[in-house]
Trainee: 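Pasting a structure here, questions to come.
Every heavy atom of this structure was used, including side-chain atoms; hydrogens, water molecules and symmetry mates were not. Given the structure is predicted, the values throughout are model-derived calculations rather than measurements. Residue indices begin at 1 and follow the sequence shown.
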Amino acid sequence: PTAGPVELSSEAAATKVPVKITSSPPGAEILINDRPLPELTPVTVELEEGKSYFISLRLKGHYAWAQKVEPRRPGLALNAALAKERTGYL
C-alpha cells in the first residue's frame with residue numbers, strides 16, 4: 001500500500017501580512033473575529049493573507065467601530081475615528 005498525498009496545514013502554508021490598527025483617540029480594545037487581543041491601539045498584528053477578518057474596536061465613552069478586512073498585501077492600515085457617545089438629558 002502507498003501513502004496518499006501529504007497535505008500541508010493552512011498554518012504552515014499561510015502567508016502573514018502585517019496590519020496596522022490605530023484609533024483616535026488611542027487605547028481602544030481590539031477584537032478580531034470577536035476574540036479580544038491583549039494589546040490596545042495602536043498596534044500592528046499579523047493576519048493571514050486572503051482570509052476574511054471582522055475587526056472591531058471599543059473604547060469606554062465612545063461608539064464601537066467595526067470593519068471587515070481581507071489582507072492581500074503588506075501595508076494595510078486601519079485608522080478608526082471613534083465618535084464620542086452623546087450623554088445628556090432630553
Side-chain angles (χ1 to χ4, degrees):
T2 59
V6 176
E7 289 187 20
L8 296 175
S9 73
S10 61
E11 288 295 317
T15 301
K16 300 283 187 174
V17 177
V19 177
K20 184 175 182 180
I21 303 172
T22 59
S23 67
S24 179
E29 178 185 13
I30 305 162
L31 292 93
I32 298 180
N33 294 340
D34 294 323
R35 290 185 168 162
L37 295 185
E39 303 89 0
L40 302 176
T41 60
V43 69
T44 299
V45 296
E46 299 271 323
L47 300 177
E48 281 187 40
E49 184 177 30
K51 258 183 126 177
S52 285
Y53 295 91
F54 186 73
I55 298 176
S56 54
L57 304 180
R58 298 189 299 207
L59 182 63
K60 185 173 179 153
H62 295 77
Y63 290 106
W65 177 95
Q67 184 171 330
K68 183 179 176 184
V69 297
E70 291 182 22
R72 298 209 181 275
R73 57 180 166 63
L76 178 62
L78 303 175
N79 185 18
L82 303 176
K84 210 166 181 55
E85 287 181 349
R86 296 177 187 258
T87 57
Y89 298 95
L90 296 177

Trainee: Would a distance-only check, ignoring hydrogens and angles, find a side-chain to backbone donor-acceptor pair under 3.5 Å from Thr41 to Ala28?
Mentor: yes
Trainee: How close do Pro71 and Glu48 get, counting heavy atoms only, and between which atoms?
Mentor: CG-O, 3.9 Å
Trainee: So which pairs with a foot in residues 58-67 pass side-chain hydrogen bond (donor to acceptor under 3.5 Å, both in side chains), sequence neighbours left out?
Mentor: Glu29-Arg58
Trainee: Can you name the closest pair of heavy atoms from Leu59 and Pro26 and give their distance?
Mentor: CD2-O, 4.2 Å
Trainee: When clusters are formed by joining ILVMFWY residues with side-chain heavy atoms under 4.5 Å apart, either directly or through shared neighbours, do Leu76 and Leu37 land in the same one?
Mentor: yes
Trainee: How about Val19 and Val45: do any of their side-chain heavy atoms sit closer than 4.5 Å?
Mentor: yes
Trainee: To the closest 0.5 Å, what do you measure between OG1 (Thr15) and NZ (Lys51)?
Mentor: 12.5 Å
Trainee: Could you pull out the closest heavy-atom pair between Leu57 and Ser23, with the gap in Å?
Mentor: CD1-CB, 4.0 Å
Trainee: Considering all heavy atoms of both residues, which atom of Tyr53 and which atom of Leu47 are nearest to each other, and what is their separation?
Mentor: CE1-CB, 3.7 Å
Trainee: Membership question, hydrophobic clusters at under 4.5 Å side-chain separation (ILVMFWY): are Leu82 and Ile32 in the same one?
Mentor: yes
Trainee: In Å and rounded to the nearest 0.5 Å, what is the CG to OG distance from Asn33 to Ser52?
Mentor: 8.5 Å
Trainee: How far does CG of Leu78 sit from CD1 of Ile55, to the nearest 0.5 angstrom?
Mentor: 5.0 Å
